[in-house]
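Comments concern the structure below.
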There are 2 protein chains.
Amino acid sequence: MYFGGIFPFEDQMAGNTFHKLRDEIENGIVTGTFEPGERLDEVQLAARFGVSRTPIREALMQLSAIGLVEIRPRRGAIVVDPGPDRIFEMFEVMAELESMAGALAARRHTEEDKAAILESHSRCEHSAEREDTDSYYYDNEVFHYAIYAASHNGFLAEQCVALHRRLRPYRRLQLRVRNRMKVSFSEHAAIVEAILAGDAEAARSRLRDHVAVQGDRFSDLVSNLSRREATGAGGQRR
Amino acid sequence: MYFGGIFPFEDQMAGNTFHKLRDEIENGIVTGTFEPGERLDEVQLAARFGVSRTPIREALMQLSAIGLVEIRPRRGAIVVDPGPDRIFEMFEVMAELESMAGALAARRHTEEDKAAILESHSRCEHSAEREDTDSYYYDNEVFHYAIYAASHNGFLAEQCVALHRRLRPYRRLQLRVRNRMKVSFSEHAAIVEAILAGDAEAARSRLRDHVAVQGDRFSDLVSNLSRREATGAGGQRR
DNA sequence: GTCAATTTTTTTGTATACAAAAGAGATCAT
DNA sequence: ATGATCTCTTTTGTATACAAAAAAATTGAC
């Protein structure tokens, strides 16, 4: 599947080593291979990917610029651990950006946008019916990307994609919550309706709620997080 | 003047060479020392700053990650030239983020926030009375930062600051437009009123209008841009 | 045995070196 | 003279080398 023009840095896709490394490490962070707070050893990473330290450092520089990694002078790079409060803040901003995209989409969507939205929406439906969380997770992403694209604001779309990616791990946790998938789908339906009807304000508020709920759900999970922290793994910033 | 906790990357302030270089080059781009479309030669920059290519490259990597520089594989780095349409898109997003910050500020501001807002607001007033564009430009920035801070969403504040910085050169052009400064100040007054009254929706819409580039301002922007392009080194993306 | 100071080891940050690719320029054919 | 191909130059991308700083470990004092 191809998301033309939505991905940031698309022009750099022709992978120089450092670029591939950036994606690999970023993916590792988002996936959980590298845990929050974990130290990213340059030589270790270099060995792992079979390259020298130079491109590794360049990749880490880029990741630090987008806030996924923190480079402490002379003390190496660690995976940023946003902490519950910061994650909640990010959801708050995500809700606003998404709702903006939805409002713009309601006013500006073309026939192709409409087709893409409906297509991804029905994919979500199938996945929801099959109760296939993994599949729904992916389809849901495509659905949201379709709305970003329909906003016809490329910069906004890039921002949304970037933030969506960063929130991925926390969103993923949520889908496992009982019945969340079907509720999510019915929210989608209402959003699609508003966008296609050209009702910008309805699209805005429905999308805001749709995303904000995830933030709320997340704060429910915060207790789990802090419990986990007490027991072992994690480790807060600083 | 100190904007505690607002600047992104604040924790990296302890300047390793590459970090200082990043700031220097970023500043050069925002200031106009490096023009949009200009090629950033690594050896040239290295000579200029008296360092080797390595930290220069690391700085460029970071700048490319935040979208100020484009690194074309095997073809070097150039200063990104957003082009009028993209700039417009960025202002559209800025308007939404600012209005969000205003809405949150209306609901969440503390006494200290109130003091900071009023203080910066009255500084703007003095500068506007003296018709001191440069001074107003600076005070205006402080005013907006005070609102970001009052939103009590650190992530949002960072996003706002980053985008505000990127739009700096274009905003600056706008202040030169006749009478814009005094109009701007009266808009500020209405915004302050809404925030202090706790009227989130009024704050939101007033800030949106204040920031959005609409009507005449858009054509002013475009004509300024094309003039600059004609005279300068310019050159569109791609 | 515990704590502090010093030495050793690791690791980061920057410089340099080298290979490969892109760009510029010259040569040759038409 | 114009256009295309080949060569030479410049520039990027990655590896390696080295210096300085931080972390770890050893030694020594109490």
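In what follows, chains are A, B, ... by sequence order, proteins preceding strands, each numbered from 1.
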Using a strict threshold of under 4.0 Å (side-chain N to carboxylate O), is an ion pair present between [Y] and [X]?
X	Y	answer
B:R168	B:E141	yes
B:R108	A:E89	no
A:E42	A:R57	yes
A:R86	B:E158	yes

From the set [options], return the single nucleotide nearest to any side-chain atom of [X].
X	options	value
B:P55	C:dT14, C:dT11, C:dG23	C:dT14
A:R39	D:dT12, C:dT12, D:dT16	C:dT12
B:R74	C:dG23, D:dT14, C:dA20	C:dA20
B:E42	C:dA15, D:dA15, D:dT12	D:dT12
B:R53	D:dG13, D:dT16, C:dA22	D:dG13

Nearest-Å distance, [atom1] ([X]) to [atom2] ([N])?
X	N	atom1	atom2	answer
B:R72	D:dT12	CZ	C1'	12 Å
A:M61	D:dG13	CE	C1'	16 Å
A:F18	C:dA20	CZ	P	19 Å
A:Q44	C:dT11	CD	C1'	12 Å
A:L45	C:dT11	CG	P	12 Å
B:I71	C:dA21	CD1	P	19 Å

side-chain N/O [X] vs [N] OP1/OP2, d < 4.0 Å:
X	N	answer
B:T54	C:dT14	no
A:R75	C:dT12	no
A:R57	C:dG13	yes

Seminar exercise, completed: Which of A:N140, A:V142, A:D139 passes side chain to side chain contact (heavy atoms under 4.5 Å, CB included) with A:S120? It is A:V142
